[in-house]
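See structure below.
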Amino acid sequence: MSATISRRVSGKDTTQKYSKVCPLANFGRKMGLPSTMDAPPSRQVVIVGAGPAGATAARRLALAGRRVRLLDRRSFPRHKPCGGGISARALLRFPYLERELSRIATHTVRRLYLEGPGGKSTAIESDRPAALMIRRVEFDDLLVSLAVDAGAELIDDADILQARESPDEIELTSRDGRQFSARVVIAADGVHSVVARRLGLNPGWPAASVALDMMEETPRARLRDLDPSTLWVSYAHDPSGRLGDGHQNAAEGYAYIFPKRDHVNIGIGYVLSYYREALDDSPYDLQRRFIDDLRRRRIVEGESVRENFTPFLIPVGGPLRSPARGRVLLAGDAGGFVNGFTAEGIYYAMVSGELAADAVLADDPRPVADRYCRMVDSEIGDELRDSVLLQRYLFADTRRVGKVIEGARRERAMTKLILDFAMGRLSYRTLRRRMLMRSPLLAAHLLWAHLTT
């Protein structure tokens, strides 16, 4: 079953064909919501990139009556390499999600297995689901359909190559020559954001600020984890097994098994500068060896499938110092809104996308870029900055990773705090305060890092 939406875009017929998760595009009008197509030019917003950040922003703006044009270089549904894990607090932050997720394959987990150098490991279990496991091909398509429902106009196959800022508007040009303009542009076009680069907001990420994630998403019939109730993570993962847990720099990487309902995502990742300097193997050789080792340890069954393997980059160096300028707002990976310790990005993408929309809608005399920067810094700024400091602190010494794993096993009260945060029961500020009270040495290190960066 499918629904097809046809409309005139840039003088030619464009047809978007969705899977069954996409309802009729005029549903918002049937519910009495204002039409965004009649909005004056000053109320138009162009969003580049229809992933979680862009689609969330588009939905928010369209529901408020703004004319929204949501551009993406691909047609939906489309494949998107990603682990596909979302902390359960997203359901509290975005209440409409819980109802809508029933339309796609969603798997929840309550148990985390954490492994570190030297074989140290522990398992943590919560009293309710702590993480959601989704496939991005389905999840992103769902979010886009919700934006279209609300009245946003999706324009796919629009690969933006040029961006120019004039006194009155931002002008964008696609590969096929189409032009789009608006007074405000939300750039959610990923880690390689063309808009950010063309307009000088981000000339490029240094190799120490991005991770090379190498993963495959394979049907369970061909490759599967033997315990689909558990999220499996190896931190400071060392493919050679030489580092152990002595006093030395840890491998600046991670590995994971994310169980899905009908698939499994298995991946391995390293900070790009570390990968270039310390590892000789090609991305797929690392992946294949990793899965071979998991199979030998009776953690998975089956074989790696080369055609399902997709390496990609994740920004893990924290948000840009200025994720907005003028009337251009960067959201999601384009702005660096990814947790540097866990590499989780979907939650922060949705938060930054919604806050970008709120900044546009706010009745506030300050410039829209200032409004946006204040909003994202207030809600997720401390959390993301601390995640990078924690990442660097742990990677500096393998013993620190081991202590974290041992602490998770011994300090059940602290572990419960972290789980409560993941499930949305606890704010980050409260978590941070309570954890630093329990760990004075870590508190001193973080304070010193804040003062010297």
Side-chain angles (χ1 to χ4, degrees), residues 1-5 15-28 30-31 33 36 47-63 68-109 129 131-157 186 188-190 217 219 258-263 265 331-333 344-354 356-357 424:
M1 179 181 177
S2 64
T4 302
I5 304 168
T15 300
Q16 282 81 37
K17 189 171 183 178
Y18 290 99
S19 64
K20 62 183 179 181
V21 303
C22 182
L24 297 175
N26 64 355
F27 179 73
K30 290 183 177 181
M31 296 298 292
L33 298 174
T36 63
I47 301 174
V48 184
T56 301
R59 176 184 179 273
R60 183 77 148 198
L61 289 165
L63 287 174
V68 184
R69 308 184 86 183
L70 180 59
L71 317 181
D72 199 273
R73 65 189 184 92
R74 304 279 298 278
S75 294
F76 282 77
R78 53 91 173 99
H79 172 68
K80 175 68 176 178
C82 177
I86 313 173
S87 53
R89 60 180 171 149
L91 298 179
L92 294 179
R93 179 61 175 77
F94 304 96
Y96 61 89
L97 265 187
E98 189 159 15
R99 178 185 68 252
E100 305 297 347
L101 283 173
S102 64
R103 295 153 62 181
I104 64 173
T106 305
H107 180 64
T108 60
V109 293
L132 311 171
M133 301 288 111
I134 52 86
R135 298 185 67 213
R136 285 290 299 275
V137 64
E138 298 172 351
F139 183 72
D140 289 15
D141 193 42
L142 172 64
L143 294 185
V144 166
S145 76
L146 296 177
V148 171
D149 262 4
E153 180 185 12
L154 174 65
I155 304 175
D156 53 16
D157 295 319
I186 297 174
D189 48 341
E217 183 175 73
F258 284 6
K260 309 295 175 67
R261 192 183 75 181
D262 306 312
H263 294 72
N265 282 44
D333 284 13
E344 179 182 1
I346 298 173
Y347 174 80
Y348 304 100
M350 294 182 68
V351 169
S352 60
E354 187 162 282

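Just so you know, these numbers use all the heavy atoms, side chains as well, and skip hydrogens, waters and symmetry mates.
Arg136 CZ: more than 12 foreign heavy atoms inside a 6.0 Å radius.
If you take CG on Asp72 and CG on Asp189, they are separated by 9.5 Å, rounding to the nearest 0.5 Å. Taking CG from Leu154 and OG from Ser145, the interatomic distance works out to 10.5 Å, rounded to the nearest 0.5 Å. To the nearest 0.5 angstrom, Phe76 atom CZ is 7.0 Å from Leu70 atom CG. Between Tyr347 atom OH and Leu91 atom CG the span is 10.5 Å, to the nearest 0.5 Å. One finds the NE2 atom of His79 at 11.0 Å from the CG atom of Asp140 (value rounded to the nearest 0.5 Å). Rounded to the nearest 0.5 Å, atoms CZ (Arg89) and CZ (Phe94) are 10.0 Å apart.
Both cation-pi conditions hold for Arg59 and Tyr96: the charged atom is under 6.0 angstrom from the six-membered ring centre and inside a 45 degree cone around its axis.
Closest non-hydrogen pair, Ala62 versus Ala147, comes out as CB-O, 4.5 Å. Between Ala90 and Leu97, the shortest heavy-atom distance links the atoms O-CD1, 4.3 Å. Contact detail for Ile186 and Ala331: the closest heavy-atom pair is CG2-CB, 4.3 Å. Residues Ser75 and Asp157 come closest through the heavy atom pair OG-OD2, 2.8 Å. Nearest approach of Gly54 to Ala188, heavy atoms of both residues: N-CB, 3.6 Å. Among all heavy-atom pairs drawn from Val144 and Ala55, the shortest one is N-CB, 4.0 Å.
In terms of modelled atom types and a separation under 3.5 Å, the side chain of Thr106 and the main chain of Ile134 share no donor-acceptor contact. A distance-only check finds no donor-acceptor pair linking the side chain of Thr56 to the backbone of Ala53 [under 3.5 Å]. Under the 3.5 Å distance criterion, the side-chain polar atoms of Glu100 are left unmatched by any main-chain donor or acceptor of Leu142. Under the 3.5 Å distance criterion, the side-chain polar atoms of Asn265 are matched with a main-chain donor or acceptor of Gly83.
Ion pairing of Lys260 with Glu217 is present here, as a side-chain N (NZ or NE/NH1/NH2) and a carboxylate O approach within less than 4.0 Å.
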Decide yes or no on side chain to side chain contact (heavy atoms under 4.5 Å, CB included) for Arg74 and Asp156, but give the supporting numbers first. CA-CA 6 Å; Arg74 304 279 298 278; Asp156 53 16; over 6 Å; no

Under the criterion side chain to side chain contact (heavy atoms under 4.5 Å, CB included), I'd like the reasoning laid out for Arg93 against Met350: C-alpha separation, chi angles, the key distance, then a yes or no. CA-CA 9 Å; Arg93 179 61 175 77; Met350 294 182 68; over 6 Å; no

